Amino acid sequence: MNRNYLPDIALDGSLLISFSATMRAEENGEVLYTSPSDAFRIERNGEDAWVISTKDPTQRAKIPPLEGISPVDDEYHSSPNDEWIFGTRHMAHGFSNGDLFHRVDPQHIKIAPTEKDQSFNDLVWPYCVKQGALKANYSAEEDGADTGLTDFVAWSFDSSRLLVKLSGGNRHETLHNCYVYFNTRTNSFEMTDYLRKLNKSKSAVAACAEPTDPLPGEAELKVRLDALDQQLNKKYGEVLAHAGEGVPLVREGQHKWIKHRDEGARLYVSLFPQAERERRRLQFLGDVTAARIDTPTEEWENS
C-alpha cells in the first residue's frame, strides 16, 4: 500500500479512526510470525498485534489484547486452513499460558473458545483435572505447584483438532503432563484413547493430532510427506546457519526429535487395524514434521 495515497473522500470520525489505525499498523511493524502457508503474517505495533493478509495487506485484523506481563503472545501457531491461531506467552517464572483465536474472516478475530472472562488457559486445566489426567490445576499453583506450562504440540491436518500439552507441579519433584485436544468443530475439549495412552506413557515421544476427517489415500499422503521433508531440510539448514556456537546443540536436538518421532509413530499406529497402519504412519510423520517446521528457531536446541 502506498502510504502517501489518501482516498479522495471526506472521512467521518469513525472512518478516520479506522483508517488511522490501519496506517499505524503498517508503520514500523515487527513481524512476529508468518503462517506456514504464507497466507498471513502477524506484526506487532506498540502494544497491538495485527494479522495481515500476505496477498492483500489492506485485509487485516487486530488480535484482541491479552492480560498479563505482555499484551501479545511470545509465539504463534496457525492451523493448516489458516482459520485458527494458537499462541503461548510467558507469565510469572515457571508459568506459561495458552491463547486461542478464531480468524472469522481476514478482518475479524475472536478469542476462543469463549469470549467470556475465562480464557483458553482457564478452561483447559480444570478439564484435565476433571478427566483424571492431572491431580491438580498446577497453572493456578494448586498442590504446591511452582510450575504450570501450556505448550503447543500440533494441529491435525484437517484443522479440526489442536493438541496441547500441559506440564506442572513442583520443579524439584516429578512434573505431571497431560495431552489434550481442542476440537474446533465442536468448540470443546476432548480426550481420546490415543491421548490416554500418551498420558500414561513414561517415555518421551512425539505426538500428533488425530484428524476427524477420513484419511486421504496412501499415494497422496506420501506426496505430502515428501514435500514436508523438503521443507524440514530447508528449515534445518537455516537453523544451523544461524546457530553459531550452538550448532552441536541443534544437531543433538534434531537427533532426539527423530528418535522421539519414530517412537511416537510406533505408539500411534498400534491403535489402528493392520490394514490402516501404513496410512496412519504416513499421516503421523507428516503431522509431526509440519509441527517441527513450525517450531521457533530458538527452541530447536531443546528437542
Side-chain angles (χ1 to χ4, degrees), residues 32-33 49 63-77 84-101 111-155 161-184 187-192 194-209 253 260 264 291 294-296 298-303:
L32 302 177
Y33 176 75
I63 295 179
L66 305 172
E67 296 182 359
I69 296 174
S70 173
V72 300
D73 285 301
D74 296 301
E75 64 179 68
Y76 296 93
H77 303 274
W84 299 84
I85 301 170
F86 183 72
T88 60
R89 54 196 166 106
H90 302 299
M91 304 299 283
H93 181 62
F95 292 85
S96 67
N97 277 12
D99 303 295
L100 184 62
F101 304 98
I111 294 176
T114 172
E115 292 189 86
K116 298 179 181 178
D117 291 338
Q118 287 185 304
S119 67
F120 180 94
N121 213 70
D122 293 331
L123 296 169
V124 67
W125 283 85
Y127 174 83
C128 286
V129 174
K130 185 176 181 180
Q131 293 293 312
L134 291 175
K135 294 181 179 179
N137 182 350
Y138 303 117
S139 180
E141 301 182 56
E142 292 180 2
D143 198 30
D146 60 5
T147 299
L149 306 172
T150 304
D151 293 316
F152 169 80
V153 179
W155 284 100
R161 282 173 168 155
L162 163 69
L163 177 60
V164 299
K165 179 183 179 182
L166 310 183
S167 303
N170 189 307
R171 74 189 73 186
H172 301 294
E173 301 174 3
T174 302
L175 294 183
H176 306 280
N177 301 318
C178 173
Y179 288 92
V180 60
Y181 288 134
F182 177 78
N183 189 314
T184 61
N187 206 46
S188 61
F189 296 106
E190 287 181 330
M191 192 70 69
T192 65
Y194 169 55
L195 295 191
R196 292 185 185 96
K197 193 166 185 177
L198 267 179
N199 289 334
K200 293 179 181 178
S201 175
K202 301 299 182 183
S203 58
V205 298
C208 78
H260 295 162
D294 201 31
T295 300
E298 62 273 12
E299 294 182 15
W300 276 59
E301 300 178 4
N302 303 317
S303 299

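On a predicted model such as this, the values are computed, not experimentally measured, just so you know. Numbers here are sequence positions counted from 1.
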Inset, instruction - Check the pair D294, Y33 against side-chain contact (heavy atoms from CB on, under 4.5 Å), reporting the backbone distance first and the verdict last. - result: CA-CA 10 Å; D294 201 31; Y33 176 75; 3.2 Å; yes
Inset, instruction - Might you work through the side-chain contact (heavy atoms from CB on, under 4.5 Å) test for T192 and R161, ending with a clear yes or no? - result: CA-CA 12 Å; T192 65; R161 282 173 168 155; 4.0 Å; yes
Inset, instruction - Start with the C-alpha distance between Y76 and D99, add both sets of side-chain angles, then the distance that settles side chain to side chain donor-acceptor pair (under 3.5 Å), and finish with yes or no. - result: CA-CA 9 Å; Y76 296 93; D99 303 295; over 6 Å; no
Legend entry - side-chain contact (heavy atoms from CB on, under 4.5 Å) between M191 and C178, worked out: CA-CA 10 Å; M191 192 70 69; C178 173; 4.0 Å; yes
Legend entry - side-chain contact (heavy atoms from CB on, under 4.5 Å) between Y138 and T147, worked out: CA-CA 7 Å; Y138 303 117; T147 299; over 6 Å; no
Inset, instruction - Could you walk me through whether N177 and S167 pass side chain to side chain donor-acceptor pair (under 3.5 Å), step by step? - result: CA-CA 4 Å; N177 301 318; S167 303; 2.8 Å; yes
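A salt bridge is defined here as a Lys NZ or Arg NE, NH1 or NH2 lying under 4.0 Å from an Asp or Glu carboxylate O, and D73 with R89 meets this definition. A salt bridge links D146 with R171: the closest approach of a Lys/Arg side-chain nitrogen to an acidic carboxylate oxygen falls below 4.0 angstrom.
Ring-centre distance between F189 and F120: below the 6.0 Å cut-off.
Y194 contributes no side-chain N or O that, together with a main-chain N or O of A207, makes up a donor-acceptor pair within less than 3.5 Å. A distance-only check finds a donor-acceptor pair linking the side chain of D74 to the backbone of H90 [under 3.5 Å].
No option in L195, D151, V180 other than L195 meets the side-chain contact (heavy atoms from CB on, under 4.5 Å) test with L163.
Checking N97 against T150 by side-chain atom types alone, no donor-acceptor pair falls below 3.5 Å.
The number of heavy atoms from other shown groups lying within 6.0 Å of NZ (K197) is above 12.
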